[in-house]
Number of protein chains: 2
Amino acid sequence: MIPSHQLRASNMNPIRVFIVDDHPMVIEGLQNMLRADSAFELVGHAMSASSCKGFFVGQFADVVLLDINLPDESGIQLCRYLKNLSPSPHILAISSFDSGTFISDMMNHGADGYVMKNVSKEELTKAIFAVTQGRHYLSHDANEKLKAEKNRREQMPVLTVREKEVLQLIASGLTNAQIAEKLFVSVSTIDSHRKNLLAKLHANNTASLLRSASENFLLTSEK
Amino acid sequence: MIPSHQLRASNMNPIRVFIVDDHPMVIEGLQNMLRADSAFELVGHAMSASSCKGFFVGQFADVVLLDINLPDESGIQLCRYLKNLSPSPHILAISSFDSGTFISDMMNHGADGYVMKNVSKEELTKAIFAVTQGRHYLSHDANEKLKAEKNRREQMPVLTVREKEVLQLIASGLTNAQIAEKLFVSVSTIDSHRKNLLAKLHANNTASLLRSASENFLLTSEK
DNA sequence: AACCATATCCCCCTTTTATGTGATACCGCT
DNA sequence: AGCGGTATCACATAAAAGGGGGATATGGTT
């Protein structure tokens with residue numbers, strides 16, 4: 001089978017690539033990988049989200065290689081911003097983290113593809129061609145992680161806002177009485193919430209409750 | 001004041017640089033930063049610890065730019081290995097993580113310097129010159145983190161092996177009775193250990209105990 | 001030999017949690 | 001008007017954990 005990127009006709013306009021990453025060496029590395037290939041035209045780069053917004057990226061780039069971790073703003077939000085431009089560029093997310101949460105968030109905010117920073121030149125070009133043609137591209141690892149993440153979210157117990165609130169306060173070390181006082185309700189109420197939390201998280205004491213909560217990323221304010 | 005790297009005489013032998021990183025684009029980026037400067041000679045690179053050991057790095061490199069996160073083996077262990085060679089190269093650790101634990105571990109295993117992956121060309125060359133001259137180099141951020149880490153380790157409560165063992169079992173959700181059974185001791189003993197843990201970690205219930213333990217990285221088997 | 005940290009065990013008592021089985025009220029949806 | 005989910009509160013009992021006090025044995029250090 002012929003690799004997709006070899007199907008590209010040589011007389012087409014080059015794909016205009018814009019890079020957003022706060023690591024100079026990553027920018028250099030990406031540019032180096034693409035410079036030699038006449039299929040690409042490097043139209044610029046930004047090292048922060050705000051800087052990126054200063055360019056008319058939508059106007060003169062076909063694809064943005066977007067790092068998830070930027071100093072000023074999450075790449076996830078920048079992704080949404082870029083996708084709301086018109087015309088909007090295709091987005092290929094590039095990250096050193098293969099956390100399923102990140103991948104899922106990025107794709108849900110409009111990214112067209114996701115590759116790790118340890119990507120080879122071959123895979124990178126393949127990914128860029130894919131997203132510029134309107135297809136999605138996920139590296140093998142990213143795909144696996146995404147599936148696992150979807151699975152996790154389905155399995156994840158559904159807590160009410162009040163329950164999450166109580167859970168946080170339990171985790172912070174307060175007793176039921178202290179929580180009740182803080183929330184201006186009776187101790188019985190907190191007792192109930194606690195019972196429901198134990199049941200929903202399949203726990204039978206505080207320690208296993210917190211363990212289970214932590215495994216499901218229920219602490220650290222994931223609303 | 002004249003930057004140290006300008007003090008270098010132009011007739012000196014170039015500094016032989018070897019790169020270890022599993023990210024092709026980082027390798028490209030680093031090489032690109034250094035290639036133009038005649039003070040450096042790029043003598044090769046490896047993308048894994050085992051591959052690195054296949055080269056006679058000690059023989060023909062003055063400095064190794066070493067990523068902490070390698071696919072097969074921790075960069076920390078590779079660092080120790082390289083430092084035990086003779087002659088041994090100078091090591092400049094390069095990481096995308098500024099976790100104090102990593103920095104501290106790296107420096108304790110013989111690294112001569114530590115910079116983040118978002119390092120500029122100027123700082124990188126400065127760091128390389130420093131370590132090849134036998135001096136240590138820490139980026140400003142790394143230095144701050146290292147100090148904070150030292151402070152943390154001093155403040156950290158000292159637990160006995162038995163206490164750590166009990167702590168782990170508590171965190172896993174077992175009751176005192178279950179722990180006692182598992183360790184073949186009486187419940188009273190676990191009761192005592194638990195009391196001591198509460199006192200040492202300034203906690204007054206299971207939740208705050210686990211919270212405090214987590215803050216001190218006492219879970220996740222840091223012996 | 002005296003000291004100290006560690007690990008083991010015990011008693012007493014109080015507070016907090018865990019478990020069960022309710023009830024009432026509000027809200028949004030059908 | 002009825003249903004389901006959420007939040008609130010209550011009563012009761014049992015189990016577990018928190019907070020004092022102490023005792024004994026062991027191994028290593030000084």
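In what follows, chains are A, B, ... by sequence order, proteins preceding strands, each numbered from 1.
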How close or far is atom [atom2] of [N] from atom [atom1] of [X], stated in whole angstroms?
| X | N | atom1 | atom2 | result |
| --- | --- | --- | --- | --- |
| A:H193 | D:dT6 | NE2 | P | 11 Å |
| A:K195 | D:dC11 | NZ | P | 13 Å |
| A:N196 | D:dT8 | CG | C1' | 12 Å |
| A:E165 | D:dT6 | CD | C1' | 14 Å |
| A:K164 | D:dT6 | NZ | P | 11 Å |
| A:R162 | D:dC9 | CZ | C1' | 13 Å |
| A:L197 | D:dT6 | CG | P | 12 Å |
| B:H202 | D:dG18 | NE2 | P | 16 Å |

Kindly say if B:N205 contacts the phosphate of D:dG18, meaning a side-chain N or O under 4.0 Å from OP1 or OP2.
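So the side chain of B:N205 is outside the cut-off, no N or O lying under 4.0 Å from OP1 or OP2 of D:dG18.
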Look at B:R194 and D:dA17 and indicate whether a side-chain polar atom (N or O) is within less than 4.0 Å of OP1 or OP2.
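The answer is yes; a side-chain N or O of B:R194 sits under 4.0 Å from OP1 or OP2.
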Is any side-chain heavy atom of [X] less than 4.5 Å from a side-chain heavy atom of [Y]?
| X | Y | value |
| --- | --- | --- |
| B:I91 | B:L65 | no |
| A:M156 | A:F217 | no |
| A:H136 | A:M107 | yes |

Outermost DNA chain C nucleotides near chain B [under 4.0 Å, heavy atoms]:
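Contact span on the strand: C:dT6 to C:dC10.
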Less than 4.0 Å between a side-chain N and a carboxylate O, is that true for [Y] and [X]?
| X | Y | result |
| --- | --- | --- |
| A:R211 | A:E215 | yes |
| B:K150 | B:E154 | no |
| A:R152 | A:E149 | yes |

Determine the contact category for [X]: base if any of its heavy atoms lies under 4.0 Å from a base atom, sugar-phosphate if only primed atoms, P, OP1 or OP2 are that close, otherwise nothing.
| X | result |
| --- | --- |
| B:T175 | sugar-phosphate |
| B:S188 | base |
| B:V187 | nothing |
| B:S192 | base |

Take A:N176 and B:T160, find for each the nucleotide of DNA chain C with the closest heavy atom, and name the residue whose nucleotide sits nearer the 5' end.
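Taking each residue's closest nucleotide, the earlier one in sequence belongs to B:T160.
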B:N204 side-chain proximity, nearest of D:dC9, D:dG19, D:dT6
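Comparing D:dC9, D:dG19, D:dT6 against the side chain of B:N204, the answer is D:dG19.
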Given D:dG18, D:dT8, D:dG20, which nucleotide is nearest the side-chain atoms of A:T189?
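Between D:dG18, D:dT8, D:dG20, the one nearest the side chain of A:T189 would be D:dT8.
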Test salt bridge (Lys or Arg N to Asp or Glu O under 4.0 Å) on B:D105 and B:R153 and set out the steps.
CA-CA 12 Å; B:D105 283 354; B:R153 295 206 180 182; 3.5 Å; yes
